[in-house]
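Below is one structure, written out as structure tokens; the observations come after it.
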Amino acid sequence: MGDKLLQALDLYEKAFGDSFPTIPMSGRTEEEIIDMINKCVSEKKDVYDMGYLDPEKVY
């Protein structure tokens, strides 16, 4: 895991008080995940509210 991704994950945790769910994000590049995190933080919506993950689905 690169430094930029680790920083983005830390940013997400600070913004939402919860860790970014990385397991359902497997298959995505670090840049894609960083972009998702940045969009979530800027919109003040977590991955579920942004529609990246379905809270009803078991991953």
Side-chain angles (χ1 to χ4, degrees):
M1 226 180 279
D3 287 341
K4 287 183 180 181
L5 179 56
L6 290 172
Q7 290 172 348
L9 292 169
D10 187 50
L11 177 66
Y12 185 92
E13 188 167 348
K14 286 178 181 175
F16 299 105
D18 197 9
S19 60
F20 184 82
T22 56
I23 292 173
M25 294 298 163
S26 64
R28 298 188 189 260
T29 67
E30 284 190 9
E31 288 301 316
E32 289 174 316
I33 294 171
I34 292 167
D35 187 50
M36 279 187 237
I37 290 171
N38 288 334
K39 286 179 182 177
C40 287
V41 171
S42 69
E43 295 285 326
K44 296 182 170 93
K45 296 179 180 178
D46 67 13
V47 289
Y48 302 103
D49 291 337
M50 289 292 287
Y52 292 124
L53 294 177
D54 181 352
E56 300 299 319
K57 186 174 179 181
V58 176
Y59 291 95

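These figures come from a predicted structure and were not determined experimentally.
Note that OH of Y48 and CD of E56 are 10.5 Å apart. Values are rounded to the nearest 0.5 Å. Considering CG of L53 and CZ of F20, their distance stands at 7.0 Å, rounded to 0.5 Å.
In this structure, L5 and I33 have side chains that are in contact, with non-hydrogen atoms separated by less than 4.5 Å.
A distance-only check finds a donor-acceptor pair linking the side chain of E30 to the backbone of G2 [under 3.5 Å].
Remark: N38 pairs with no residue by the side chain to side chain donor-acceptor pair (under 3.5 Å) rule, at least two apart or across chains. Qualifying side chain to side chain donor-acceptor pair (under 3.5 Å) partners for K39, counting only residues two or more places apart in sequence or in other chains: D35.
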Side-chain polar contacts of residues 7-16 - donor-acceptor pairs under 3.5 angstrom, sequence neighbours left out - could you list them?
| from | atom 1 | to | atom 2 | distance (Å) |
| --- | --- | --- | --- | --- |
| D10 | OD2 | K14 | NZ | 3.2 |
| Y12 | OH | V47 | N | 3.2 |

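Pairing each heavy atom of D49 with each of K45, the nearest pair is CB-CB, 3.7 Å.
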